[in-house]
Amino acid sequence: MSVSAATGDSPEIESRAQLVEWFESGCKPKRDWAIGTEHEKFAFTREDLRPIPYEGERGVKALLTALAERFDWDPILENGNVIALSKDKCSVSLEPGGQIELSGAPLKNIHQTCGEVHQHLHEIREVCSGLDIDMLGVGHQPKWARDDIPWMPKGRYDIMRNYMPKVGSLGLDMMLRTSTIQVNLDFDSEADMAHKFRTSLALQPVATALFAASPFVDGKPSGYLSARSRVWTDTDPDRCGMLPFVFEDSFGFERYTDYMLDVPMYFVYRDGKYIDASGKSFRDFMAGKLDVLPGERPTMNDWSDHMTTAFPEVRLKKFLEMRGADGGPWRRICALPAFWVGLLYDSASLDAAWNLVKNLSTEEREALRNDVPKLGMQTPFKNGTMQDLAKEVLAISKQGLKNRAKLDSYGDDESHFIESLEDVAQSGRTLADEFLDLYETRWEGSVDPVFREYAY
């Protein structure tokens with residue numbers, strides 16, 4: 001197997017089988033399963049609520065530099081700019097509009113996840129207090145227009161910025177004005193992966209409804225409870241959505257490999273630079289026919305990079321990534337991994353969750369996906385609503401967490417982490433509904449109070 005000089009020791013791809021094996025290599029025995037949590041938030045200046053730029057005394061660069069110096073993070077540079085930090089299998093990184101993301105370490109239980117979240121927020125608060133900056137966790141920037149958001153200096157974002165308007169009307173909003181919480185979970189075999197993928201993909205609208213926290217766009221109600229989820233429906237149909245093929249009996253690593261081979265490329269990374277390959281074919285790249293790199297074939301690093309350019313509601317890498325939830329207040333960050341761990345990491349709960357949705361048609365799954373951003377808990381489902389489904393799903397998740405019996409130092413299991421979601425399901429009222437009520441009453445038609453009352 002040859003090795004590309006352009007990408008160090010990454011082997012050159014010689015066959016489709018290598019791509020399938022890349023996914024297969026993610027299989028882990030249950031004892032090694034971990035939980036990786038990612039959460040984004042909007043940084044803004046306290047006096048005028050504006051998103052912070054990259055440069056300047058109170059910019060993103062100053063924020064990352066202060067985090068690195070005070071809390072021993074290692075800076076990651078691109079063209080001399082600090083664009084991320086790393087430490088102990090964690091990273092702090094930048095989304096295109098300056099959203100600050102923690103990509104957490106792979107941890108064994110939700111107690112550890114919540115400890116990690118608290119430590120991160122402690123560090124953020126310590127640094128932000130000296131810069132007069134705050135952070136807001138919601139799904140969509142509530143106040144500022146797209147043109148008010150500063151772009152971060154990352155090469156891949158320049159390529160995406162130019163490509164997005166060619167394939168959808170809201171791709172730039174996705175990049176600049178949305179924020180999410182995600183969780184990454186493991187599987188032990190191809191069959192286990194497929195079972196978890198189908199179940200979590202069908203139930204992703206439940207998470208979207210439970211976490212809906214983005215009713216405002218451009219300073220006023222948008223007509224959606226999750227404007228973030230709405231944005232994803234008009235970003236890029238080639239790389240987003242509900243992936244009907246996942247529900248076919250033959251689905252496995254090979255089928256997902258073929259899907260990714262057909263997802264148009266964004267870029268190739270060579271010698272510290274991003275080469276624009278937007279809209280081009282990875283299959284052509286494998287045949288040495290990529291016109292921006294004539295005669296060159298991809299490496300496994302290129303394949304790994306390509307995995308990050310697809311954005312379905314559940315994404316497969318060497319783990320499964322749950323992508324349906326809005327960003328939210330810090331107390332809800334731990335609820336998302338707890339919700340999915342309870343459903344997917346206990347076999348009885350996984351089977352019970354699948355039984356709730358296994359008979360849904362492609363059209364019914366699409367209807368849920370499309371209706372939930374607007375209707376939330378009141379989305380029709382069978383003879384009831386999403387609220388009814390959410391109650392059932394949360395009961396299954398809670399039992400799964402209890403079955404895991406991962407106890408903290410006080411003897412409590414992980415099930416209490418989903419209590420905030422149980423409140424939503426019982427009341428039928430999402431955080432977005434609460435925001436809208438406040439907007440009409442105490443906030444007197446202004447979204448500004450959300451920045452102050454819900455800041456970290």
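Note that these values count all heavy atoms, side chains included, but never hydrogens, waters or copies made by symmetry. For this chain, numbers begin at 1 and follow the sequence in order. For clarity, every value in this text was computed on a predicted model and none was experimentally measured.
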Test: [X] and [Y] ion pair at under 4.0 Å:
X: E453; Y: R442; answer: yes
X: R369; Y: E313; answer: yes
X: D326; Y: R228; answer: yes
X: E24; Y: K318; answer: no
X: D448; Y: K143; answer: yes

Inset, instruction - State which residues pass ring-ring contact (aromatic ring centres under 6.0 Å, His included) with Y259; sequence neighbours excluded, sorted by chain then number. - result: F245, Y256
Inset, instruction - Of all the heavy-atom pairs spanning H111 and D413, show the shortest one and how long it is. - result: CE1-O, 3.5 Å
Check whether any side-chain N or O of [X] sits under 3.5 Å from a backbone N or O of [Y] as a donor-acceptor pair, and report yes or no.
X: Q387; Y: Q426; answer: yes
X: S427; Y: D423; answer: yes
X: Q141; Y: F42; answer: no
X: H306; Y: M260; answer: yes
X: T180; Y: A325; answer: yes

Legend entry - Listed once per pair and sorted, the disulfide bond (SG atoms under 2.5 Å apart) pairs that draw on residues 108-159, sequence neighbours left out: C114-C334
Inset, instruction - Report yes or no: is the cationic atom of R239 (NZ for Lys, CZ for Arg) closer than 6.0 Å to the six-membered ring centre of Y266, at no more than 45° off its axis? - result: yes
Legend entry - Distance under 6.0 Å and angle within 45° of ring axis: R323 vs W232: yes
Legend entry - Full working for side chain to side chain contact (heavy atoms under 4.5 Å, CB included) between E38 and I181: CA-CA 6 Å; E38 305 176 18; I181 309 167; over 6 Å; no
Inset, instruction - For the residue pair F187 and F253, categorise the inter-ring angle as parallel (less than 30°), tilted (30 to 60°) or perpendicular (more than 60°). - result: tilted
Legend entry - D238: partners by side chain to side chain contact (heavy atoms under 4.5 Å, CB included), with sequence neighbours left out: D236, P264
Inset, instruction - Tell me, with the steps shown, if H118 and W330 meet ring pair (Phe, Tyr, Trp, His ring centres under 6.0 Å). - result: CA-CA 8 Å; H118 283 294; W330 69 264; 5.1 Å; yes
